[in-house]
2 protein chains.
Amino acid sequence: MSAKPTTIKEIAKILNISPSSVSRGLHDHPSIGAVTREKIKQLAQSLNYQPNNAAILFQKGKTYTIGVILPELSEHFFSTAISAIEDEALKKNYTVIFAQSHDDYEQEVKLVEKMKNQRVDGLLVSISKDTSKFDHFERLNSFNIPVVFFDRIPPFKNVHYVACSIENATVKAVNYLLKKGHRTIGMINGPTTLFASEERKEGYMQAITFNRLKFDPSLIVNCDLTEKGTIEAANQFINHKRKPTAIVTFNDYVALFLIKYLKKANVVNEFDVVSFANLPFISYLDHTPIASIEQYPYLQGQKAANILLDLINSPNPESQAYYNTLVESDLVINSEKL
Amino acid sequence: MSAKPTTIKEIAKILNISPSSVSRGLHDHPSIGAVTREKIKQLAQSLNYQPNNAAILFQKGKTYTIGVILPELSEHFFSTAISAIEDEALKKNYTVIFAQSHDDYEQEVKLVEKMKNQRVDGLLVSISKDTSKFDHFERLNSFNIPVVFFDRIPPFKNVHYVACSIENATVKAVNYLLKKGHRTIGMINGPTTLFASEERKEGYMQAITFNRLKFDPSLIVNCDLTEKGTIEAANQFINHKRKPTAIVTFNDYVALFLIKYLKKANVVNEFDVVSFANLPFISYLDHTPIASIEQYPYLQGQKAANILLDLINSPNPESQAYYNTLVESDLVINSEKL
DNA sequence: CGAAATTAATCAAACGTTTGCGTAGTTTTT
DNA sequence: AAAAACTACGCAAACGTTTGATTAATTTCG
């Protein structure tokens, strides 16, 4: 019943030559004559020979596999990035294995360890929300396993990373609102622990001060990104002595919570909302953010994968400078509203 | 710089015993004395020994890897299912490799071949839209690689599959509309080539005839699931001599296209819409389908993965009956509208 | 006390492929 | 015609681990 796959040895035996010659023949090694080579290839073909990957991986000490660790596979951003990573890896004949940390630091540590044991050739990581120590990644250095971070990256430069400049994006968002005439702009930011929150704050301040406006810290409200937290933040704005006329939100979900609440409070028309992520459904909404920052997950995934594959195949990974790639983000104006 | 991982041989040499003893010691083989066993384990621990997976896989001829082939990683349904598959596999210490067919038959065939070469222990597949031949899967039989289909399954029973009964779901949807008093119900169905379209039609007819209503075939319109196609279908209903008061759509996207168009045509209040998928954003919309069929992608992924792992580890896969698992679907009433 | 059983370990082969080195046999060079 | 070079292939080791067969030493039992 169970057909055993053909091996090089069998081909060798049939052709009365050595396995090494078969191997070389199949790889077009110059030391195999054209006649023999063709005989080998033809027989291999007709026996439907398929190299035993496990054996090759083992022999070469390379797995042609890259690991991807990220918080949540089912989030739109990540699933899109994954799609790109998969596509790029396939082109270069690499296999991808995924694992999700579910935003848990302990789990992330375990997964890194597991990936190492799987002997992945390299790792692509988007770190979990509560990761603040990075020695589990540093340990990979001694095994020559390169790591490229993407999107959720550690807050320092001496690693390889691909990310979107949240700061620049925030500047764009705020500038857009300023250009539309808004002078009091609120921001619902994420928890202060997140680097991304820091960046948003920086961008906000940069845009405000560049335009010679006074920065009012009370217009930035930190929020846990839940619906409840968003409502609390919304109330702060509604009751603010300098009530803002526009609000920048941490992401599209927060924007949705916000708009839902603003509608309920019957003040939805008093605010323009700009948000991050540009999720596909945004354009289907009735009351939408007037714009959303597109962070190009596919592109980010693509770049990250290519950098990693470069690192894997670079002869001297030690001497490499760090790839610090910023993907530009774009403010997508919701044309329905124009 | 590059630390070579510790091997069994090295441990053996240090302890002056044979590699086989080390291997057995680490695996609690009874023929290794307790004292030696502990010595082995301690040394392994302190040298941070990690078994070389590639070597084990090669030696065992098993990869502890399952392959997953599906149309599009970034679709919500699939990314959720994947999330489940990953979680289940991890529990049983299996690794998962993914690949996307992008709904292309040729690509699917290639991927199946690639997975076979990767020597996956089993395969989880959601077939591409234009797959109508299945010999690329049948070829796996002779290699003892079990296949479990999920969600998008072939139209016959002699395979393992997990899916949602679209037919039952459609019955539920139509019954719900009938209970709400609708007597003329339209359906925007998918292309006739899709098995899922067939099932929806069956369900529709079953509900209609069970309630002793006359079945009017012109109330089912096939559609290519694009926005353009949806608009054409919508127009057919709007201009229908028996204009329906409710419409069942193939999925949430079609529902969105439909509602968008109905709004533009100023007739959105003349129709109740019920749809499939229950995408998370549905509840954020202003004009939503009044209900959507939840197909529990996480559950489906979970079940499919477990069945596959069962098959992989069953001693006699040949004698197995076929798993034909139907996951119940639920009609989720959009409470915002009630 | 000798045979049988148990314990604790070793030996060697095997998994499939790759690759450095060696070696016939042939051709080219001087 | 001898030396050098090239062609086409074979040999054997190596990668790390597992496992069936074997052996040596110890214990148990009648």
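Below, chain A is the first sequence line, B the second, and so on; all start at residue 1.
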Could you list the residues that satisfy salt bridge (Lys or Arg N to Asp or Glu O under 4.0 Å) with [X], not counting sequence neighbours?
| X | result |
| --- | --- |
| Arg24(B) | none |
| Glu106(A) | none |
| Asp103(B) | Arg152(B) |
| Glu88(B) | Lys91(B) |

Pairs meeting criterion salt bridge (Lys or Arg N to Asp or Glu O under 4.0 Å) with involvement of residues 41-56 of chain B, two or more places apart: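 For residues 41-56 of chain B, and leaving out neighbouring residues, the salt bridge (Lys or Arg N to Asp or Glu O under 4.0 Å) pairs sorted by first residue read Asp28(B)-Lys41(B).
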Sorted by number, the residues of residues 28-44 of chain A with heavy-atom contact under 4.0 Å to DNA chain D: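 DNA chain D contact set from residues 28-44 of chain A: Ser31(A), Ile32(A), Gly33(A), Thr36(A).
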Residues 9-18 of chain B side chain polar contacts: donor-acceptor under 3.5 Å, at least two apart:
residue  : atom : partner  : partner atom : Å
Ser18(B) : OG   : Ser20(B) : OG           : 2.9
Ser18(B) : OG   : Ser21(B) : N            : 3.3
Ser18(B) : OG   : Ser21(B) : OG           : 3.2

Contact class for Asn16(A) vs. all strands (heavy atom < 4.0 Å): base, sugar-phosphate, or nothing?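 Touches sugar-phosphate only.
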Please list, chain by chain and in numerical order, all residues satisfying ring-ring contact (aromatic ring centres under 6.0 Å, His included) with Tyr298(B), sequence neighbours excluded.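 Not a single residue meets the ring-ring contact (aromatic ring centres under 6.0 Å, His included) criterion with Tyr298(B).
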Walk along nucleotides 12-21 of chain C from 5' to 3' and tag each nucleotide B, S or - by protein heavy-atom contact under 4.0 Å, base first, then sugar-phosphate. B-BBBBBBBB
Pairs meeting criterion side chain to side chain donor-acceptor pair (under 3.5 Å) with involvement of residues 45-54 of chain B, two or more places apart: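 Passing the test, one end in residues 45-54 of chain B: Glu113(A)-Gln50(B), Asn117(A)-Gln50(B), Asn48(B)-Gln50(B).
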Between Asn93(B) and Lys114(A), do the side chains contain an N or O donor and an N or O acceptor separated by less than 3.5 Å?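 Asn93(B) vs Lys114(A): no donor-acceptor pair found between side chains.
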Over its full length, what angle do the end axes of the helix from dC1(C)-dG30(D) to dT30(C)-dA1(D) make, each axis taken from five pairs and the result rounded to 10 degrees?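 Here the local axes at opposite ends form an angle of 50°.
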Contacts of Lys157(A) that satisfy side-chain hydrogen bond (donor to acceptor under 3.5 Å, both in side chains) - sequence neighbours left out: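 For Lys157(A), the residues satisfying side-chain hydrogen bond (donor to acceptor under 3.5 Å, both in side chains) (neighbours in sequence not counted) are Tyr161(A).
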